[in-house]
Amino acid sequence: MPSGNIVIGTIGADAHMIGAWVLKKALGDAGFGVTFLGAVVPQEDFVNAAIETSADAILVSSMYGMGILDCEGLRDKCVEAGLKNILLYAGGNVAAPLELERNWPEIEKRFREMGFDRVYRNTVTVSEVIAALKGDLGMTG
């Protein structure tokens, strides 16, 4: 049975954290246990926090357009740390804005190839993320 524990933060050199903060609040209100790491978070900190909190999912925010680079290798680090089945979500401006508009299917495919379960544009709603998490974790209600 999933614990409902989630780790959230803004990955890499990205200092934008409003979206991650909004998700933190909404997920907490929805009954998830949320560990909020803030901004400019290295991959290793996500992995370590997930281990420490027995997290079911890591939600990575990236708004400055370098999400693909910052997220590369995160699944491998999770597997190496014994978190083979942890859910990985990414969202925001995970690539340059023009790339997001022109090549969304390719960007989504790239994140899937990197081992992410879901990737979202910055237009995703918190209710969409909550519904996806509950569904992916087999949680009802």
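Throughout, numbering of the chain's residues begins at 1 and tracks the sequence.
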Ionic contact status for D136 with R118, cut-off 4.0 Å: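 Looking at D136 together with R118, the answer is yes, because their closest N to O distance falls below 4.0 Å.
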Looking at E72 and K77, does any basic side-chain N land under 4.0 Å from a carboxylate oxygen?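 Salt bridge between E72 and K77, a charged N being under 4.0 Å from a carboxylate O: no.
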May I ask you to test the [X]-[Y] pair for a side-chain heavy-atom distance under 4.5 Å?
{"X": "M17", "Y": "S61", "answer": "no"}
{"X": "P42", "Y": "D45", "answer": "yes"}
{"X": "I58", "Y": "C78", "answer": "yes"}
{"X": "F116", "Y": "R75", "answer": "no"}
{"X": "D14", "Y": "M66", "answer": "no"}
{"X": "F46", "Y": "L37", "answer": "yes"}
{"X": "R110", "Y": "I68", "answer": "yes"}

Does a donor on one side chain sit under 3.5 Å from an acceptor on the other, for D56 and N5?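 Checked: D56/N5 side chains show no N/O donor-acceptor pair below 3.5 Å.
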As an exercise, state the distance from NE2 of H16 to OG of S62, rounded to the nearest 0.5 Å.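 Rounded to the nearest 0.5 Å, the NE2-OG separation comes out at 9.5 Å.
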Give, for atom CG of L27 and atom OG1 of T35, the distance between the pair rounded to the nearest 0.5 Å. 11.5 Å
Evaluate the criterion side-chain contact (heavy atoms from CB on, under 4.5 Å) for residue pair V22 and K25; output intermediate values, then yes/no. CA-CA 5 Å; V22 169; K25 174 89 171 85; 5.9 Å; no
One pair to check against side-chain contact (heavy atoms from CB on, under 4.5 Å): V119 and W104. What are the steps and the verdict? CA-CA 10 Å; V119 61; W104 179 251; 4.1 Å; yes
Should I86 and V47 be marked as a side-chain contact (heavy atoms from CB on, under 4.5 Å) after you check the CA-CA gap, both sets of side-chain angles, and the distance that decides it? CA-CA 10 Å; I86 195 163; V47 174; over 6 Å; no
Whether the side chain of Y89 engages the backbone of V129 through a donor-acceptor N/O pair (distance < 3.5 Å, no angle test) should be reported.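 No, Y89 side chain to V129 backbone: no donor-acceptor pair under 3.5 Å.
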Would I107 end up clustered with L69 when hydrophobic side chains under 4.5 Å apart are linked, directly or stepwise?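 Shared cluster, no.
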ILVMFWY network linking V40 to M63, side-chain heavy atoms under 4.5 angstrom: no
Evaluate whether atom CZ of R112 has more than 12 neighbouring non-hydrogen atoms of other residues, nucleotides or ligands under 6.0 angstrom away. yes
Against F32, only a single residue in I8, L59, L137, L23 fulfils side-chain contact (heavy atoms from CB on, under 4.5 Å); can you say which?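 Answer after filtering I8, L59, L137, L23: L137.
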Derivation and outcome, side-chain contact (heavy atoms from CB on, under 4.5 Å), residues I11 and V60: CA-CA 6 Å; I11 197 164; V60 172; 3.3 Å; yes
